[in-house]
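Notes for the one structure printed next.
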Amino acid sequence: MGSPAWQKSSYSGANNACVEVRTVNGLVELRESDSGDIIVRTTPVKFATFLQGAKAGEFDHHASPTT
C-alpha cells in the first residue's frame with residue numbers, strides 16, 4: 001500500500017507552488033510542492049497549535065514586506 005495522498009490548500013487553486021499536508025502513522029507531514037523531498041513531521045497536537053498561532057497572527061512579524 002502506498003503513502004496517503006498529499007493535500008494542498010484550497011487557496012492554492014491551480015498554483016503548484018504550495019504547502020501540502022498529509023497524515024502518516026499518526027503524524028502530520030508537511031512539504032512544499034516544489035521541494036517534495038524535504039518533509040517536516042510533527043504531531044497532530046503541535047500542528048493544530050501552530051495553525052491556531054498562524055491564524056491569530058502570531059508569526060506575522062516574520063513576514064517581509066513585498067515592496
Side-chain angles (χ1 to χ4, degrees):
M1 177 181 229
S3 296
W6 289 98
Q7 179 183 354
K8 70 177 186 172
S9 169
S10 58
Y11 290 103
S12 298
N15 188 352
N16 287 330
C18 58
V19 174
E20 299 175 314
V21 64
R22 69 180 181 181
T23 55
V24 175
N25 298 324
L27 294 175
V28 177
E29 294 186 337
L30 301 155
R31 71 176 184 181
E32 287 196 47
S33 58
D34 58 350
S35 298
D37 57 329
I38 301 171
I39 298 173
V40 175
R41 290 177 184 88
T42 190
T43 66
V45 171
K46 288 181 181 179
F47 183 59
T49 301
F50 169 76
L51 289 178
Q52 289 171 347
K55 289 177 182 179
E58 185 176 333
F59 310 109
D60 289 355
H61 64 283
H62 293 291
S64 299
T66 55
T67 56

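Note that the NZ atom of K46 and the CG atom of L51 stand 14.5 Å from one another [nearest 0.5 Å]. Atoms CZ and CZ, on R22 and R41 in that order, are 7.5 Å from each other to the nearest 0.5 Å.
Residue-environment remark: CG (N25) stays at or below the threshold of 12 foreign heavy atoms within 6.0 Å.
Between V21 and L30 the shortest heavy-atom distance is CG2-CD2, 3.7 Å. Annotation for G26 and P44: closest pair O-CD, 3.4 Å, computed over non-hydrogen atoms. Here the shortest heavy-atom pairing between E29 and W6 reads O-CZ3, 3.4 Å.
Taking the side chain as every heavy atom from C-beta outward, T42 and L27 never approach each other to under 4.5 Å.
Judged as a side chain to side chain contact (heavy atoms under 4.5 Å, CB included), and not counting sequence neighbours, the contacts of T23 are V28.
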